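What follows is a single structure, written as structure tokens, with notes after it.
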Amino acid sequence: MRKNETTAEGAGQLHSTILVIGGGAAGMVAAIAARRSAKGPSQPCSITLLERNARPGAKIRISGGGKCNVTHRGTPAELLEEGFLRRNEARFLRHALYSFSNSDLLELLRLRGVEIEERADGKVFPVSGDAATVVRAFEELLRESRVEAHYSCRVRSVERKGELFVVTTAEDVFTADHLILATGGVSYSKTGTTGDGLAIARSFGHTITKPSAALAPLFTIKPPPASLSGLALRGVSLVATAGGKSAERRGDLLFTHRGFSGPAALSLSRDVAELMGVARNCALFADLFAQHSSAELEAELLKQARKSGTQMVRKFLQSCPITPPNGSFGAAPHGTIPTALVTFIMRHAGLENDLTWSGLAREKRQSLLLALKRFPLGSVRDVPLDQGEISAGGVSLSEVNPKTLCSRVVPNLFFCGEILDYAGEIGGFNLQAAFSTGWVAGVNAAKSG
Ligand SMILES: Cc1cc2nc3c(=O)[nH]c(=O)nc-3n(C[C@H](O)[C@H](O)[C@H](O)COP(=O)(O)OP(=O)(O)OC[C@H]3O[C@@H](n4cnc5c(N)ncnc54)[C@H](O)[C@@H]3O)c2cc1C
């Protein structure tokens, strides 16, 4: 970095070829990639990173419950398919995920001594079980890459003066030829993500898709009964309906004291937040037998009634696996319907607690079927934006070139990570997207001369 004391601003002005704002997953990788792509000594490239926190990687540190689900198993095509359900977002990320894949990321970490393990569900974690090992690896890479990192340094504003970006913090004025905005989304604002980068992008004329909740818990108007709090349903289908529209997600569902969490609720939360924007009343239902149509489930119930007419329906439900794969009803390695919930199912279906199969006449059977296929979970009160693992919305993808991550509005301005208008599923997809887009932004900022 050159220090030029004689600037019009009066304060010391620090100039770099590339300046990165934000020291999260995307910003750190962008700075490292920029160094690796910079031309030789004939064209010196100075790289500066400004991070408002005292240390980088605040979200990496808390990711995966502090264990850091750093990426997901699979080819880039598989990651795009499984991790990014909206086709336009997957299309946008395609080039980045192929340019810097999960294998590239893991190789980078392994070379810094971070051993990695893959879990049966495809999630990838450091063997240490400690997210700090991942952050330390990136801190070392930043040092090795001669990146001038300034911590506890919050950017207040950015202006364009001629060909230069002029970046103002509380204490300094920085200038740069190329600017990479990597300030993240807006959830978990206590980690530093308060949307500063979005305001900067907007001031440059970029369209910002309004941030909304994603991978967030669902709070209901009437919280679930206290006796159900903490209870988990395995592999159910969670359905949200509002204003004649609906959305659905299959997965595990957790009852909480304020509503619902767990993979199915988190994954559905972005759709729920959108549905609530259309119609305030968004109702939630659980389909406990998502792999069976109502007719198939009814056939199973009739079979059970013929087999053991004296058995109490309640007893059967207590031992009945949730969502058994078709054809293996009663013998799947899934969780059962928790006893506490069975009482609510029976009550909701209007059935007596001691009802036996022989007493389950057609009308009662229909009520039970409905309760099992469409068990009401209440109406959503809120999908708290700040409590989401990520936020949806951000810099409009149509204004950013996916091959370079350079702005189509302002030359030499680049974006990477969660500031962009995409949102991935849980499973390591969001960190991978941040690393991959960071890489592409860094490489192209360095290449663009
Ligand atoms: C609780 C939690 C758990 C998660 N778990 C996982 C997981 O296991 N796997 C996974 O893939 N994803 C997970 N995520 C999501 C993942 O952490 C993020 O998607 C990812 O970190 C985004 O990276 P980023 O670099 O774009 O943004 P961030 O990591 O948010 O980094 C942005 C940085 O910019 C800085 N900044 C902002 N404004 C300024 C400014 N004005 N000046 C200077 N610096 C600024 C911020 O301080 C921040 O450090 C989790 C998120 C949370 C909140």
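We count ligands from 1, going down the list as the structure has it; atoms in each ligand are counted the same way. All values derive from a computational prediction rather than experimental measurement. What you see below is based on every heavy atom in this structure, not just the backbone, and it leaves out hydrogens, waters and symmetry mates.
- Residue contact check for ligand 1: Thr191 places a non-hydrogen atom closer than 4.0 Å to it.
- Protein heavy atom at the shortest distance from atom 11 (O) of ligand 1 is Leu431 N, 2.7 Å.
- Looking from atom 6 (C) of ligand 1 to the surrounding protein, the closest heavy atom is Ser63 CB, 3.5 Å.
- Among protein heavy atoms, atom 30 (O) of ligand 1 sits closest to Thr193 CG2, 3.1 Å.
- Remark: the backbone N or O of Ala77 is not paired with any side-chain donor or acceptor of Arg94 at under 3.5 angstrom.
- Near Ile390, with a cut-off below 4.0 Å to any heavy atom, the atoms of ligand 1 are 15 (C), 19 (O).
- Looking at ligand 1, you won't find any N or O of Arg154 less than 3.5 Å from one of its N or O atoms.
- In terms of polar-atom proximity, Glu418 is counted as a contact of ligand 1, with an N or O under 3.5 Å from an N or O of the ligand.
- Annotation: Arg110, atom CZ; neighbour count of heavy atoms from other residues, nucleotides and ligands within 6.0 Å is above 12.
- Distances from ligand 1 to the non-hydrogen atoms of Ala25 include at least one value under 4.0 Å.
- When the options Phe375, Phe260, Phe344 are evaluated for a ring-ring contact (aromatic ring centres under 6.0 Å, His included) with Phe255, the one that passes is Phe260.
- Close contacts between ligand 1 and Leu50 involve ligand atoms 43 (C), 44 (N) [criterion: under 4.0 Å to a heavy atom].
- Side-chain atoms of Thr183 and Asp196 include no donor-acceptor pair closer than 3.5 Å.
- Nearest protein heavy-atom contact of atom 25 (O) of ligand 1 is Ala26 N, 2.9 Å.
- From Phe414, atom CZ reaches atom CG of Leu405 across 8.5 Å, with rounding to the nearest 0.5 Å.
- Counted by atom type alone, Lys59 and Thr193 present one or more donor-acceptor pairs between their side chains at under 3.5 Å.
- A donor-acceptor distance shorter than 3.5 angstrom exists from the side chain of Asp386 to the backbone of Tyr188, with no hydrogens or angles considered.
- Using a 4.0 Å heavy-atom cutoff, Ile62 is listed among the residues neighbouring ligand 1.
- At a 4.0 Å cut-off, not a single heavy atom of Gly438 sits close enough to ligand 1 to count as contact.
- Looking only at distances, a side-chain donor or acceptor of Ser436 sits under 3.5 Å from a matching main-chain atom of Phe100.
- Against a heavy-atom cut-off of under 4.0 Å, Gly24 is close to the following atoms of ligand 1: 25 (O), 29 (O), 31 (O), 33 (C).
- Atom 34 (O) of ligand 1 has its closest protein heavy atom at Gly22 CA, 3.3 Å.
- The Asp196 neighbourhood of ligand 1 comprises atoms 38 (N), 40 (C), 41 (N), with distances under 4.0 Å to a heavy atom of that residue.
- Annotation: Asn69 places an N or O atom under 3.5 Å from an N or O atom of ligand 1; distance criterion only.
- Note that CZ of Arg381 and CZ of Phe219 are 6.5 Å apart. Values are rounded to the nearest 0.5 Å.
- With Leu179 as the partner, the side-chain contact (heavy atoms from CB on, under 4.5 Å) test is satisfied by one option alone out of Val166, Ile18, Val167: Val167.
- Nearest protein heavy-atom contact of atom 47 (O) of ligand 1 is Glu51 OE2, 2.7 Å.
- Heavy atoms of Ala58 come nearer than 4.0 angstrom to ligand 1 in no pair at all.
- Of the heavy atoms in Ala182, only backbone atoms (N, CA, C, O) come closer than 4.0 Å to ligand 1.
- In summary, the atoms of ligand 1 found under 4.0 Å from a heavy atom of Asn430, numbered by their order in the structure, are 11 (O), 12 (N), 19 (O).
- In terms of protein heavy atoms, atom 52 (C) of ligand 1 is closest to Glu389 O, 3.4 Å.
- With ligand atoms numbered from 1 in the order given, ligand 1 contributes 26 (O) to contacts under 4.0 Å with heavy atoms of Gly417.
- Every heavy atom of Gly197 sits 4.0 Å or more from the atoms of ligand 1.
- Ligand 1 has no N or O atom lying under 3.5 Å from any N or O atom of Gln432, backbone or side chain.
- The nearest heavy-atom contact from the protein to atom 8 (O) of ligand 1 is Gly64 N, 2.9 Å.
- Looking only at atom types and distance, the side chain of Thr48 has a donor-acceptor partner in the side chain of Ser16 under 3.5 Å away.
- Under 4.0 Å is where a charged nitrogen must lie from a carboxylate oxygen, and between Arg112 and Glu139 no such pair does.
- At a threshold of 4.5 Å between non-hydrogen side-chain atoms, the residues Phe125 and Ile116 do not count as touching.
- Looking at Thr175 and His15, their side chains do bring a donor and an acceptor atom within 3.5 Å of each other.
- Stacking of Arg160 on the aromatic ring of Phe204 is not recorded, the 6.0 Å distance cut-off and the 45° axial limit not both being met.
- Every atom of ligand 1 is numbered from 1 in the order shown, and the set under 4.0 Å from a heavy atom of Cys153 is 42 (N), 43 (C).
- In this structure, a donor-acceptor pair under 3.5 Å is absent between the side chains of Asp172 and Thr169.
- Applying the 4.0 Å criterion to heavy atoms of Ala434 picks out, from ligand 1, the atoms 23 (O).
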